[in-house]
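Reading through the structure tokens given below for one structure.
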Number of protein chains: 2
Amino acid sequence: MVNDAQNGREMGLFATGARPCGEARMKDAYARAGVDIEAGNEAVRRYKDVTDGWRHPDQLDALGGFGGLFRLPGDGSRALVASADGVGTKILIAAELRRYDSVGADLVNHCVNDILAVNADPLFFLDYFAAGKLDPEVAAAIVGGVHRACEANNCALLGGETAEMPGLYAVGHFDLAGTIVGIVDIDKVPRPRDVVATDAIIGLPAAGLHTNGYTLARTLVGPDEWNKPFNGTTFADALLAEHPSYHREVRTIQRVAKVKTMAHITGGGLLENVPRTLPEGKKAIFEQSRWEIPPLFAELCRRGNLEHEERYRTFNMGIGYTLVVPMADAKKAEAAVAGARIIGWIEDRLDGDPAVIVHPARS
Amino acid sequence: MVNDAQNGREMGLFATGARPCGEARMKDAYARAGVDIEAGNEAVRRYKDVTDGWRHPDQLDALGGFGGLFRLPGDGSRALVASADGVGTKILIAAELRRYDSVGADLVNHCVNDILAVNADPLFFLDYFAAGKLDPEVAAAIVGGVHRACEANNCALLGGETAEMPGLYAVGHFDLAGTIVGIVDIDKVPRPRDVVATDAIIGLPAAGLHTNGYTLARTLVGPDEWNKPFNGTTFADALLAEHPSYHREVRTIQRVAKVKTMAHITGGGLLENVPRTLPEGKKAIFEQSRWEIPPLFAELCRRGNLEHEERYRTFNMGIGYTLVVPMADAKKAEAAVAGARIIGWIEDRLDGDPAVIVHPARS
């Protein structure tokens, strides 16, 4: 995940979303998956250059780049929060398997979670569906999935664009992206400066890879294996497991605990998403023994021979969303929602410390 | 253009955007360009089926599908207006010619014009840029163009998503889409029922094909010709001419004339976009002698041997935007803006009449 906190702009390098860490081996893994991390960093630098000259006066500073904030017209106390996203190369698996019912929910729930990290409630969503050849049944299955997920999040499906573009997409291939707009009380936007050492980090369980790491995952589990049994189901089911919305869980936890900041664990994993919501001088410590690594992640890491850091940059490793709460509230937060776990804490960060450390489980 | 007026949903069939008209020859032309019109109609029918079950209570009826309306939180008199769009296969020409500076403006201005048809002013925009291989220079040129057009329309560039997706897009290929959110006073949303026989139609000149008809245009002017001279410039320049924003012109005309309804002439041309803003029982008559057909359209129609109706469904034929005004205001509207022309009028529509008739110029 390379993001621009000023502009609510995200960069989805869908193999890994990661930054270079200086290890030749790791770069090899990225390159093997066809993703150029240096290019992502360079693009972000250049985006700053080309957008620096002007900024709309009603645009507010974004929090960690999860969503862009715009003052609500006529109401100085609230802001609209918007985020654009795609499903990434997960759709190549869906297309190959002709399973079109879940990618809409993947997209909507991803967007809901992004603006939830800014504490926003969804208002409305618009989709963009593009294909080389328009198949009405496929299009309707996908838009139907978008609509179902919108309804589940009480979010209007306000419009969309369906584009048939022969020459750009291969027959059977398609792309799906969308934009969500939500609303937040400005004084309830999480403030990283509230985070102090000793705060606890609550993790909410991931349902699978969500929408990140698929370019790499596809190199490790090829199409010939997708219908094979895996862990009581099939690789296909495990790979296409729907990205859940954490909206209800987060609101439930907020009723019993003071939530300081939150991170949606997307491309870049715990290592790159959690720092987006920490102040300078603080680091996050995770203890992997505190949660189960789902079997699909274990299998992918084993096959890819992924090193510790690479795992936590490429995949969510079973944690879809994190919340920083005072240690005194941690047990209440954990008890409020099924699957919520205290998975780490905040410490002071000294010069040279990484922003996130994941202590591996002893095996 | 197949659109769903209830949901602000558009369908960009980028070759022609047209509906079947029952002529085998015309279907051949669409098929030749790789676009399936029946599929577009069928997809729209199915979208209605899959989205009919639930609608957010703050979603308002949209006007002609140019944008979706959502009640502004806390202010019952205003609505947010949102629209999603793509650039279509114009980007294949831009990619081939490695000219990346104008597609951003094509996209933003297209979206600005869409919500302008609902009388909305832009608030903010988010882009979605996806490529098979991320080239930072290309990405920055494109996002820079998006930003420049946002600034020119006083529209915040609130965020975006950049996606590198090897396997979905060929190297050098990319897709670009975006979503705009604007605002309108609900009592100023144009009402088709205000349109009466004898009203005049003002046309604003197009700069070129804008963002429609490119799949067909590319079959008529191939890549080997793009750098050849054409009409004092090159085919490339003519084909990539920027889609203008009509925001300033429309606001200027509204100061001197009562504007009843407006149409952004996108896919489907005059024949399919103007009816979106007419009441039942009224038709629009255009006299082609009242404006110049730009040379690029004449050339494309000649090469494609396109029949009259096909021309006006596939291309904008030199008219980018239309406004319905009382005949008494027509001359004032024409005089207010350079290039504005009275190009037609409203008549009663009898059973069996088409909604739009374009009288050809005598040649």
Side-chain angles (χ1 to χ4, degrees), chain A residues 7-14 34-36 39-40 42-43 46-47 50-51 54 56 58-59 68 70 72-75 82-86 88-89 92 123-124 126 128 130 134 136 139-140 143-144 147 151 156-168 173 175 177 179 181 183 215, chain B residues 7-14 34-36 39-40 42-43 46-47 50-51 54 56 58-59 68 70 72-75 82-86 88-89 92 123-124 126 128 130 134 136 139-140 143-144 147 151 156-168 173 175 177 179 181 183 215:
Chain A
N7 284 302
R9 175 173 295 283
E10 293 194 329
M11 172 137 334
L13 302 172
F14 280 104
V35 168
D36 185 346
E42 178 61 19
R46 286 175 184 246
Y47 284 171
V50 296
T51 61
W54 176 80
H56 194 288
D58 287 327
Q59 189 173 350
F70 191 92
L72 184 69
D75 182 349
S83 182
D85 239 300
T89 50
L92 288 170
L123 295 176
F124 56 84
L126 296 94
Y128 173 73
L134 182 63
V143 171
H147 183 262
E151 181 177 2
L157 177 53
L158 203 57
E161 165 80 359
T162 297
E164 181 168 40
M165 295 200 282
L168 185 58
H173 278 189
D175 199 4
T179 298
V181 175
I183 190 164
T215 300
Chain B
N7 284 302
R9 173 173 296 282
E10 292 193 328
M11 170 136 337
L13 302 172
F14 280 102
V35 167
D36 184 346
E42 178 62 19
R46 287 176 185 245
Y47 284 171
V50 296
T51 62
W54 177 79
H56 192 289
D58 287 327
Q59 188 173 351
F70 191 92
L72 183 69
D75 181 350
S83 182
D85 239 301
T89 50
L92 289 170
L123 295 176
F124 57 83
L126 296 94
Y128 173 73
L134 182 63
V143 171
H147 183 262
E151 181 177 3
L157 178 51
L158 204 56
E161 166 78 1
T162 298
E164 181 169 40
M165 295 200 280
L168 185 57
H173 278 190
D175 199 3
T179 298
V181 175
I183 189 164
T215 301

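Each chain gets a letter, A, B and so on, in the order the sequences are listed, and its residues count up from 1.
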Report task. Could you grab the distance from atom OG1 of A/Thr89 to atom CD of B/Glu164, nearest 0.5 Å is fine? Result -> 10.5 Å

Query raised in the report: Do you know the tightest heavy-atom contact between A/His56 and B/Ala156?
Result: CB-CB, 3.4 Å

Query raised in the report: Between B/Asp75 and A/Asp75, is any pair of side-chain heavy atoms under 4.5 Å apart?
Result: no

**Report entry** Main-chain N/O of A/Trp54 paired with B/His147 side-chain donor or acceptor, under 3.5 Å
**Finding:** yes

**Report entry** With A/Met165, the side-chain contact (heavy atoms from CB on, under 4.5 Å) member among B/Thr215, B/Leu92, B/Asp175
**Finding:** B/Asp175

Query - Distance-minimising heavy-atom pair for A/Pro136 and B/Ala39 - result: CG-O, 3.4 Å

Query raised in the report: Between A/Thr51 and B/Val143, is any pair of side-chain heavy atoms under 4.5 Å apart?
Result: yes

Query raised in the report: Between A/Gly167 and B/His173, what is the shortest heavy-atom contact and its length?
Result: O-CE1, 3.4 Å

Report summary line: The interface call for B/Leu168 against chain A, heavy-atom contacts under 4.5 Å, is both

**Report entry** Close side-chain approach of A/Phe124 and B/Val181, heavy atoms under 4.5 Å
**Finding:** yes

Query raised in the report: Under a 4.5 Å heavy-atom cut-off, does chain B meet the side chain of A/Leu72, its backbone, both or neither?
Result: side chain

Report summary line: Of all heavy-atom pairs linking A/Gly40 and B/Leu134, the shortest is CA-CD2, 3.7 Å

Query raised in the report: Which pair of heavy atoms, one from A/Leu123 and one from B/Pro73, lies closest together, and at what distance?
Result: CD1-CG, 3.9 Å

Report task. Please name the pair of heavy atoms, one in B/Leu158 and one in A/Gln59, separated by the smallest distance, quoted to 0.1 Å. Result -> CD1-CG, 3.5 Å

